[in-house]
Amino acid sequence: MDTVSHIQHGLWRHPSARQDEFNCLQHWIDLVHTLERGRIDLLFFADVLGLYGPARGDFTVNAREGLQFPNGDPSVLVAALLSQTHDLGFAITSSVLQTYPFEFARRMATLDHLSGGRVGWNIVTSAQESAARNFGLDHLLEHDERYRQAEEYAEVCYKLWEGSWDDGAVVDDCHPEDISKAVYADASRIHRIDHEGRWYRVQGPAMQSPSPQRTPVLFQAGSSPVGRDFAARHAEGQFILASTPEKTQALIEDTRRRVVAAGRDPHNLVFILGQSFIVGSTEAEARHKEREIDDYLSDDGFLLHSNLGFDPTTGEPLDPDTPLSELHTNTNVSHLRWLRELAGDTDPTVRDLARLSARLRGRIVGTPDQIADQLEAWRARGVGGINIMNWTIPGSYEEFVDHIVPTLQERGLAQREYRPGTLRRKLTGRDLLPDTHPAARWRGAFA
Ligand SMILES: Cc1cc2nc3c(=O)[nH]c(=O)nc-3n(C[C@H](O)[C@H](O)[C@H](O)COP(=O)(O)O)c2cc1C
């Protein structure tokens, strides 16, 4: 995320950390080149639009910890980074809450054009009450209702990206022999979409012409039952967090069944596991580094990021002895479920939240071979990709690229060279969404 403290809170204070330089473009340019050196396919930017914690509440901890606050707009940052690389793809988080789909569809189409088809969209519905208050609402919509709104939002975008302009609509013939016959675009192949829905009314046509991928590569991150259904219908990649290997496998298998029920090929959705890495030339060295990292972790940061230690209605802190089984949330349902799964048979309390939340950010510690063994084990559980969650920037990515990637390459778990083409082609072998995806039904629908 374009911020100081994204996931591993407190680490920005580490002597080697440079994440407090997030407002400096060179900081990100250097990261892009590091990732390219490791033949990494995607730089993913999360994003939030409000503060964690009680709405209208005290933001002392957010400010002190730099906890996703302040933060920058990832689409602006990505626009500045595109020219630095021909191979790395960029995924941007954008919430249904933040912009009208017409405007968003144009922005993504522009980025997709300028990057030669290397952008993705992480579709989120926003899980902060405070975010709702930044966009004219008193409260977030109820959890499942937010996903229904996201359905319509995605549909409007698909209509614009896939249906509004036919292939060949851009003729770009300046006709030098007779300039009166010059045609830039053929209006008969460009269509209004006339969308009239519960949340949106969009006439069209799309203001941008079709980009190399038309629809950007689609990602999603919520794993509640309704979130899984949403991912099953729409996503090509789903970001998940590690609870136990068995529970993670069960989550993946359940979501895959939903993909099939949605009429899609189960292999069209890849599960991307968030993990942090601590590597050493010996296990003892890695464990030593782990202890040093743990010294920097901030309990306050993890507790606040869990967004669960207070009454969502009153904003008052909960009694620390309240069991998690008694908590209800309208925000991040899967986060609460993962925390309870990690606790095993015990019923943890609000007091335990910081420790559990820190554990939920999975970590793999060891030598390159030990790390590769664990990644192979996750792969056997159905995990198809890894989202590297940094301790420090640039250190965590430099260590992964220089010390872990070579071992993964030797085992055939990581690529040695980039495949050419769009981000979707690199990830799935094709530029456009397959016909089984719900976006595809709008192709030719307005002709
Ligand atoms: C791994 C992960 C990453 C997420 N990243 C973001 C993000 O960048 N921005 C955001 O607003 N929500 C983010 N979320 C929240 C989800 O998109 C979703 O709104 C939330 O998990 C509630 O959905 P659920 O109850 O289905 O899990 C993330 C969730 C998870 C699990």
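All residue numbers refer to positions in the sequence shown, counting from 1. As the structure lists them, so they are numbered: ligands from 1, and atoms in each ligand from 1.
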Any idea which protein heavy atom is nearest [atom], and the distance to it?
{"atom": "atom 17 (O) of ligand 1", "result": "Val124 CG1, 3.2 Å"}
{"atom": "atom 22 (C) of ligand 1", "result": "Thr331 O, 3.3 Å"}
{"atom": "atom 20 (C) of ligand 1", "result": "Asn332 OD1, 3.6 Å"}
{"atom": "atom 10 (C) of ligand 1", "result": "Asp47 O, 3.5 Å"}
{"atom": "atom 27 (O) of ligand 1", "result": "Ser334 OG, 2.2 Å"}
{"atom": "atom 1 (C) of ligand 1", "result": "Leu241 CG, 3.9 Å"}

[X] heavy atoms, cut-off 4.0 Å: which ligand 1 atoms fall inside?
{"X": "Thr93", "value": "7 (C), 8 (O), 9 (N)"}
{"X": "Thr125", "value": "19 (O)"}
{"X": "Trp338", "value": "31 (C)"}
{"X": "Ala46", "value": "8 (O)"}
{"X": "Gly222", "value": "21 (O), 23 (O), 24 (P), 26 (O), 27 (O)"}
{"X": "Tyr147", "value": "23 (O), 24 (P), 26 (O)"}

#### Entry: Check against ring pair (Phe, Tyr, Trp, His ring centres under 6.0 Å), Trp121 and Phe104
CA-CA 10 Å; Trp121 173 27; Phe104 175 69; 4.6 Å; yes

### Task
May I ask you to check whether Gln213 and Asp112 show a side-chain donor-acceptor distance below 3.5 Å?
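Looking only at side-chain atoms, Asp112 and Gln213 do form a donor-acceptor pair, the distance falling under 3.5 Å.
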
### Query
Which is closest to atom 26 (O) of ligand 1 by heavy-atom distance: Ser94, Ser224, Gly227?
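Closest candidate by heavy-atom distance is Ser224.
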
### Task
Nearest heavy atom to atom 4 (C) of ligand 1 wins, so pick from Ala231, Ala221, Pro225.
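Minimum heavy-atom distance to atom 4 (C) of ligand 1 goes to Ala221.
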
### Query
Backbone, side chain, both or neither: what part of Ser95 comes under 4.0 angstrom of ligand 1, heavy atoms only?
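For Ser95, there is no contact with ligand 1 at all, from either part.
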
### Query
Using a heavy-atom cut-off of under 4.0 Å, does the side chain or the backbone of His143 touch ligand 1, or both, or neither?
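Only the side chain of His143 comes within reach of ligand 1.
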
With a 6.0 Å cut-off (strictly less than), is the heavy-atom count around [atom1] of [X], excluding the residue itself, greater than 12?
{"X": "Trp12", "atom1": "CH2", "answer": "no"}
{"X": "Arg419", "atom1": "CZ", "answer": "yes"}
{"X": "Arg201", "atom1": "CZ", "answer": "no"}
{"X": "Arg106", "atom1": "CZ", "answer": "no"}
{"X": "Phe69", "atom1": "CZ", "answer": "yes"}

### Task
Could you check Phe44, Phe271, Phe45 and say which one makes a ring-ring contact (aromatic ring centres under 6.0 Å, His included) with Phe239?
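Result: among Phe44, Phe271, Phe45, Phe44 is the only option passing the ring-ring contact (aromatic ring centres under 6.0 Å, His included) with Phe239.
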
### Arg264 side-chain N/O to His437 backbone N/O, donor-acceptor pair under 3.5 Å
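Judged by distance alone, no pair lies under 3.5 Å.
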
### Task
Take Arg148 and Glu152 through the salt bridge (charged side-chain N to carboxylate O under 4.0 Å, His left out) test and state the conclusion after the steps.
CA-CA 7 Å; Arg148 282 189 279 277; Glu152 190 186 329; over 6 Å; no

### Task
Any chance you could lay out the side chain to side chain contact (heavy atoms under 4.5 Å, CB included) test for Val217 and Thr422, step after step, and finish with the verdict?
CA-CA 10 Å; Val217 178; Thr422 62; over 6 Å; no

### Message
If I apply the N/O under 3.5 Å rule, does Ser223 come out as touching ligand 1?
### Response
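In this structure, Ser223 places an N or O atom under 3.5 Å from an N or O of ligand 1.
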
